[in-house]
Amino acid sequence: MNDRNLWIICLTAFALVLAWGCKEDSGTDNGGEVVPGQAISGTWAITDPSNVSGKAADQFENFQLTVTVLASRVSYSALGNGNKIVFPDAGTLEVEASDNFVTGAEVIRQPDLLPMDMMLNENDSTLRIEFEISADSYLPSNNSRVAGIDGGYTFILKKQPQQ
């Protein structure tokens, strides 16, 4: 009878350890696992008009970018952009799991497949986005619209407090 009780206790302990180790993964950074794009998640805004450079910079004085991360999908929406070719209103960002935004990460903006460099400062309060608009990278029907805005762009955005 004593051996039987010992076996029951051992099996119960094993079942508890097994159940505890098999908890559901919620996709958050509970175990040190980095979710791609999580570092840039939140709302970012131009706080000074001089923080935008490029041919159409004056069309982005009130620009605001909201980045949302759900599982491995990184989505964005933009407000206050006066030129939808330079920065579309909404889309996704292709972000690699190995991207480190503090040292700089190259992401691909959808829907236009535009490569962009993104860099966070050390305290995660400033996001710098750099990209190049080129008439060669757009369909021929859009070349005339792109010709006046081609060139390099830099956006320096400040993290906005959560509401």
Side-chain angles (χ1 to χ4, degrees), residues 20-139 142 145-163:
W20 182 59
C22 294
K23 66 181 177 181
E24 186 177 328
D25 183 15
S26 64
T28 60
D29 190 14
N30 290 336
E33 188 177 319
V34 176
V35 177
Q38 189 66 42
I40 58 170
S41 179
T43 300
W44 304 86
I46 298 294
T47 57
D48 180 352
S50 67
N51 285 342
V52 182
S53 66
K55 284 186 179 177
D58 61 334
Q59 298 176 26
F60 293 91
E61 291 177 1
N62 299 313
F63 184 74
Q64 184 173 320
L65 182 69
T66 300
V67 178
T68 308
V69 178
L70 183 60
S72 62
R73 184 177 173 89
V74 182
S75 302
Y76 75 87
S77 61
L79 297 172
N81 55 335
N83 194 311
K84 312 293 189 239
I85 295 174
V86 174
F87 217 108
D89 281 337
T92 60
L93 301 172
E94 288 183 25
V95 179
E96 298 293 325
S98 61
D99 282 339
N100 179 347
F101 289 92
V102 174
T103 59
E106 184 176 295
V107 301
I108 305 296
R109 182 178 75 192
Q110 301 285 351
D112 54 6
L113 301 176
L114 185 74
M116 301 188 322
D117 290 319
M118 294 186 161
M119 183 179 290
L120 279 171
N121 67 347
E122 295 80 24
N123 61 4
D124 298 340
S125 64
T126 303
L127 177 65
R128 181 183 188 95
I129 302 173
E130 296 179 350
F131 56 92
E132 184 87 20
I133 299 286
S134 168
D136 296 337
S137 62
Y138 284 86
L139 297 174
N142 288 337
R145 290 176 40 189
V146 174
I149 59 167
D150 62 337
Y153 284 85
T154 300
F155 288 67
I156 300 173
L157 303 136
K158 297 288 184 187
K159 182 92 176 219
Q160 301 300 295
Q162 287 185 324
Q163 297 179 13

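Only heavy atoms go into these numbers, but all of them, side chains included; no hydrogens, no water, no symmetry mates.
Distance check, rounded to the nearest 0.5 Å: CG of Leu127 to CG of Leu120 gives 5.5 Å. Once rounded to the nearest 0.5 Å, the distance linking NZ of Lys159 with OG1 of Thr43 reads 8.0 Å. With rounding to the nearest 0.5 angstrom, the CD1 atom of Ile149 is 8.0 Å from the CD atom of Gln59. Note that the CE atom of Met118 and the CZ atom of Phe131 stand 9.0 Å from one another [nearest 0.5 Å]. Distance check, rounded to the nearest 0.5 Å: CG of Leu65 to CD of Gln160 gives 11.0 Å. Distance CD1/Ile129 to CD1/Ile40: 7.5 Å, rounded to 0.5 Å.
Among all heavy-atom pairs drawn from Leu113 and Pro115, the shortest one is O-CD, 3.4 Å. The nearest pair of heavy atoms linking Val74 to Pro36 is CG2-O, 3.5 Å. Across every non-hydrogen atom of Trp44 and Ala39, the tightest pair is CZ2-O, 4.4 Å. Of all non-hydrogen atoms in Val95 and Gly37, the two that sit nearest each other are CG1-N, 3.6 Å. When every heavy atom of Gly82 is checked against every heavy atom of Phe60, the shortest pair comes out as N-CE2, 4.3 Å. Scanning all heavy atoms of the two residues, the minimum distance from Pro111 to Gly91 falls at CD-CA, 4.5 Å.
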Next item on the list: Go through Phe63 and Asn51 one step at a time and tell me if the side-chain contact (heavy atoms from CB on, under 4.5 Å) criterion holds.
Entry: CA-CA 10 Å; Phe63 184 74; Asn51 285 342; over 6 Å; no
Next item on the list: Apply side-chain contact (heavy atoms from CB on, under 4.5 Å) to the pair Leu157 and Ile46, showing each step before the final yes or no.
Entry: CA-CA 5 Å; Leu157 303 136; Ile46 298 294; 3.6 Å; yes
Note to self: For a side-chain contact (heavy atoms from CB on, under 4.5 Å) check, start with the C-alpha distance between Leu114 and Ile133, then their side-chain angles and the critical distance, and finish with the verdict.
What the structure shows: CA-CA 8 Å; Leu114 185 74; Ile133 299 286; 4.1 Å; yes
Next item on the list: With side-chain contact (heavy atoms from CB on, under 4.5 Å) as the test, would you mind laying out the steps for Leu93 and Arg109 before giving the verdict?
Entry: CA-CA 5 Å; Leu93 301 172; Arg109 182 178 75 192; 4.1 Å; yes
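Checked by atom type and distance alone, the side chain of Asn62 never pairs as donor or acceptor with a backbone atom of Gly80 at under 3.5 Å. Side-chain atoms of Asn100 come within 3.5 Å of backbone atoms of Val102 as a donor-acceptor pair (strictly under, hydrogens ignored).
Qualifying salt bridge (Lys or Arg N to Asp or Glu O under 4.0 Å) partners for Asp48, counting only residues two or more places apart in sequence or in other chains: none.
Leu70 CG: 12 or fewer foreign heavy atoms inside a 6.0 Å radius. Few gaps surround CG on Asp58; more than 12 heavy atoms of other groups in view lie less than 6.0 Å from it.
The stretch residues 59-84 participates, sequence neighbours left out, in these salt bridge (Lys or Arg N to Asp or Glu O under 4.0 Å) pairs: Lys84-Asp89.
Aromatic ring centres of Tyr153 and Phe87 lie farther apart than the 6.0 Å criterion allows.
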